[in-house]
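In what follows, a structure is listed as structure tokens, so that the remarks can point back to it.
Counting from 1, the numbers follow the sequence of the chain as shown.
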Amino acid sequence: MLETAIKLMQAGATPSVSEVAEAAGVSRATAYRYFPSQAALVSAVVDEALGPILTWSTKDDDPFRRVSELLSIGLPRIEEFEATFKAALKLSLDQWARGRAGTLGEEPKFKRGHRADLLKQALQPLEGKLSGKDINRLAQALSLVFGVETLIALKDIWGLDSQEMQSVAQWASRALIRAAFEDGDRAR
């Protein structure tokens, strides 16, 4: 079922559990045992698509190199599964809109958050060099250059190719880290 869901999402769909069950040739009851909601299904597909990004680690102590490495591993993988991540973003935005309209009901929300954990891990060597607040703000700022939204802004809006997108994201990450150091120095 997971493989079927990945294929459907890579084709641009945001399938329901029932649609995946039908496409996979399994009963709805079986599908709902594994994936009790669309959010659970999409979350499992996203985790599968993230693959090696979720297990990324490094012993390098340089925050510039750590973030660069994370982007070098992460952005190509996000691009490879771009349709899947855009389908997940679509579900998140749809749920947000239905929540605002009061029509979401009891449907479990699709939760995102791997990006925050990965960026905090990449910035770990800054502990003791910058305040916790500054590290958190830097991680939040770096979220702008690490994720499917980066592809939307740089590829879809600006028309950049993969290499150009990666170059801009790397440049922006270095600029953000330098700015965090400069702000930290001014605060002392």
Side-chain angles (χ1 to χ4, degrees), residues 5-15 37-56 58 63-101 104 107-124 126 133-180 183:
I6 290 169
K7 286 178 185 174
L8 290 171
M9 288 180 73
Q10 280 294 92
T14 310
S37 67
Q38 185 182 34
L41 172 70
V42 171
S43 183
V45 172
V46 166
D47 285 353
E48 188 71 22
L50 287 170
I53 301 171
L54 293 178
T55 59
W56 172 81
T58 183
F64 289 96
R65 287 192 301 264
R66 287 171 73 102
V67 170
S68 177
E69 183 181 318
L70 179 59
L71 293 179
S72 293
I73 290 167
L75 288 176
R77 181 71 180 201
I78 293 167
E79 190 172 18
E80 179 183 350
F81 288 91
E82 183 173 356
T84 292
F85 293 114
K86 284 183 175 178
L89 179 59
K90 179 182 170 192
L91 175 62
S92 180
L93 293 171
D94 180 59
Q95 286 185 335
W96 174 85
R98 287 187 289 139
R100 297 270 305 204
L104 186 59
E107 180 181 333
K109 287 189 177 179
F110 171 63
K111 293 185 181 163
R112 302 165 65 193
H114 294 301
R115 178 185 340 205
D117 294 337
L118 287 163
L119 288 167
K120 287 177 184 177
Q121 179 185 341
L123 297 176
Q124 185 272 330
L126 294 177
K133 182 180 176 184
D134 287 342
I135 293 170
N136 198 47
R137 182 173 58 176
L138 176 56
Q140 292 165 348
L142 288 169
S143 292
L144 301 171
V145 295
F146 180 61
V148 71
E149 300 84 359
T150 306
L151 276 64
I152 293 168
L154 297 178
K155 286 179 61 184
D156 298 349
I157 294 172
W158 283 97
L160 302 184
D161 64 26
S162 298
Q163 187 176 2
E164 292 167 325
M165 175 198 61
Q166 181 78 239
S167 176
V168 170
Q170 293 282 359
W171 177 87
S173 73
R174 290 189 302 272
L176 290 167
I177 295 168
R178 278 194 302 272
D183 284 356

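With values rounded to the nearest 0.5 angstrom, Asp183 atom CG is found 10.0 Å from Leu138 atom CG. Rounded to the nearest 0.5 Å, atoms CD1 (Ile177) and CG (Leu126) are 7.5 Å apart. A distance of 10.5 Å separates CE of Met165 from OG of Ser167, quoted to the nearest 0.5 Å. Between the NE2 atom of His114 and the OG atom of Ser43 there is a distance of 6.0 Å, given to the nearest 0.5 Å. Separation of atoms CG (Leu176) and CZ (Arg137) is listed at 10.5 Å; rounding is to 0.5 Å. With rounding to the nearest 0.5 Å, the separation of NZ in Lys120 from CG in Asn136 is 5.0 Å.
Between Arg178 and Phe64, some side-chain heavy-atom pair lies under the 4.5 Å cut-off. At least one side-chain heavy atom of Glu149 sits less than 4.5 Å from a side-chain heavy atom of Arg115. Between Leu142 and Leu123 the shortest side-chain heavy-atom distance falls below 4.5 Å. Counting only heavy atoms from C-beta outward, the side chains of Leu50 and Phe81 never approach each other to under 4.5 Å. No side-chain heavy atom of Thr84 sits less than 4.5 Å from a side-chain heavy atom of Glu48. Side-chain contact between Phe146 and Ile53 is present, with at least one heavy-atom pair separated by less than 4.5 Å. The shortest distance between side-chain heavy atoms of Gln166 and Leu71 falls below 4.5 Å. When side chains are defined from C-beta on, Val46 does not count as touching Arg112, because their heavy atoms never get closer than 4.5 Å.
Residue pairs meeting the side-chain hydrogen bond (donor to acceptor under 3.5 Å, both in side chains) criterion with at least one member in residues 74-83, sequence neighbours excluded, are Glu79-Lys155, Glu79-Ser162, Glu82-Lys86, Glu82-Lys155.
Considering Leu151, Ile152, Ile78 as possible partners of Phe85, the one that fulfils the side chain to side chain contact (heavy atoms under 4.5 Å, CB included) test is Ile78.
For Lys90 and Asp94, the salt-bridge test fails: no basic side-chain N is under 4.0 Å from an acidic carboxylate O.
Here the shortest heavy-atom pairing between Leu119 and Ala139 reads CD1-O, 3.5 Å. In this structure, Gly12 and Ala83 approach most closely via the heavy-atom pair N-CB, 4.4 Å. The minimum heavy-atom distance between Ala5 and Val45, with the atom names listed, is CB-CG2, 3.5 Å. Taking each heavy atom of Ala39 and Gln95 in turn, the nearest pair found is CB-NE2, 4.4 Å. Of all the heavy atoms in Leu41 and Pro15, the pair that sits closest is CD2-O, 3.7 Å. Of all heavy-atom pairs between Ala122 and Arg66, the closest is O-NE, 2.9 Å.
Using modelled atom types and a 3.5 Å distance limit, the side chains of Gln170 and Ser72 yield a donor-acceptor pair.
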Carefully, step by step, assess Trp56 and Gln121 under the rule side chain to side chain donor-acceptor pair (under 3.5 Å).
CA-CA 9 Å; Trp56 172 81; Gln121 179 185 341; over 6 Å; no
